[in-house]
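Input: a single structure, listed below in C-alpha cells.
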Amino acid sequence: MIQITDHLTLPLSEIEIHAIRSQGAGGQNVNKVSTAVHLKFDIKASSLPDLYKERLLNLHDNHISKDGMVIIKAQRYNSQLKNKEDALNRLIALIRSVTVEKKTRRPTQPTKASKAKRLANKVIRSQIKSLRGKIEDE
C-alpha cells in the first residue's frame, strides 16, 4: 500500500512498473542495463474515490492520456531502484495535487480610502500629462 494522504492509500497492485533501457548518451551501460522505469496507472480502474478520479481525468497534464492512463517515464538516475522511487513519488504528487480543496473566491468591495487614493493618483497623473503638451507663445 502506498500512503497518498492521511486518509487515502493506493494498493501497489493497481500500478504497473516495467524496466526499460534509458535513452541518450551513457556509454556501454545504456545498451546493456534496463535502468529506466515506465509506470502505468489506470485512473478509471483504480480504487480512488470518484471525486479524485474525476479531478484527475479533468487535469490537463502531459502524463495523462485521453483514455485515463497515467504514464510516467523515469530515467533521471543510473539506478533502477531510484528511478522506480522517482516515478512513484511523481505519481503520488500528481494524485495529491487533486486532493487539495481549492478555496472559493469571495468577491470584496474596495474601501473608501482605497477609492480616494486611486482618484487622487488619477488627478496627479492627469496634471503631469497635461504639462507634456506643446507650449504656446503668447
**Report entry** Student check: side-chain heavy atoms of N121 and K117 closer than 4.5 Å
**Finding:** yes
**Report entry** Any side-chain heavy-atom pair of L91 and L39 under 4.5 Å
**Finding:** yes
**Report entry** Carboxylate-amine/guanidinium contact R55 E101, below 4.0 Å
**Finding:** yes
Requested in this report: Apply side-chain contact (heavy atoms from CB on, under 4.5 Å) to F41 and I71, showing your working.
Outcome: CA-CA 7 Å; F41 175 69; I71 300 170; over 6 Å; no
Query raised in the report: Are K82 and D86 ion-paired here, with the side-chain N under 4.0 Å from a carboxylate O?
Result: no
Requested in this report: Kindly indicate whether the side chain of L88, heavy atoms from C-beta on, has any atom under 4.5 Å from the side chain of I17.
Outcome: yes
Report summary line: Value for OG1 (T108) from CZ (R106), rounded to nearest 0.5 Å, stands at 9.0 Å
Requested in this report: Kindly compute the distance separating CG (N89) from NZ (K84), expressed to the nearest 0.5 Å.
Outcome: 12.5 Å
**Report entry** Residue pair A19 / Q80: nearest heavy atoms and the distance that separates them
**Finding:** CB-NE2, 3.1 Å
Requested in this report: Find the distance between NE2 (H38) and NE2 (H18) and round it off to the nearest 0.5 Å.
Outcome: 9.5 Å
Report task. Could you walk me through whether Q127 and L131 pass side-chain contact (heavy atoms from CB on, under 4.5 Å), step by step? Result -> CA-CA 7 Å; Q127 290 171 352; L131 295 174; 5.8 Å; no
Query raised in the report: Is I72 reachable from V98 through a run of I, L, V, M, F, W or Y residues, each pair having side-chain heavy atoms under 4.5 Å apart?
Result: yes
Report summary line: Here the gap from Q109 atom CD to S114 atom OG, rounded to the nearest 0.5 Å, amounts to 10.0 Å
Query - Shared-cluster residues of V123, by chain and number - hydrophobic side chains joined below 4.5 Å - result: none
Query raised in the report: Mind checking whether I92 and L81 sit in one hydrophobic cluster, side chains of I, L, V, M, F, W, Y counted as touching below 4.5 Å?
Result: no
Query raised in the report: Around atom NZ of K53, are there more than 12 heavy atoms of other residues, nucleotides or ligands at under 6.0 Å?
Result: yes
**Report entry** Side-chain heavy-atom pair I15, K40 within 4.5 angstrom cut-off
**Finding:** no
Query raised in the report: CE of M69 to CD of E16: how many Å apart, nearest 0.5 Å?
Result: 6.0 Å
Requested in this report: Spell out, as yes or no, whether a donor-acceptor pair under 3.5 Å connects the side chain of N83 to the backbone of Y77.
Outcome: yes
Query raised in the report: What are the two closest heavy atoms between A36 and Q75, and how far apart are they?
Result: CB-CB, 3.7 Å
Query raised in the report: Does some side-chain heavy atom of I128 sit less than 4.5 Å from a side-chain heavy atom of R132?
Result: yes
Query raised in the report: According to a 4.5 Å side-chain heavy-atom criterion applied to Ile, Leu, Val, Met, Phe, Trp and Tyr, with indirect links allowed, do L94 and V100 form part of one hydrophobic cluster?
Result: no
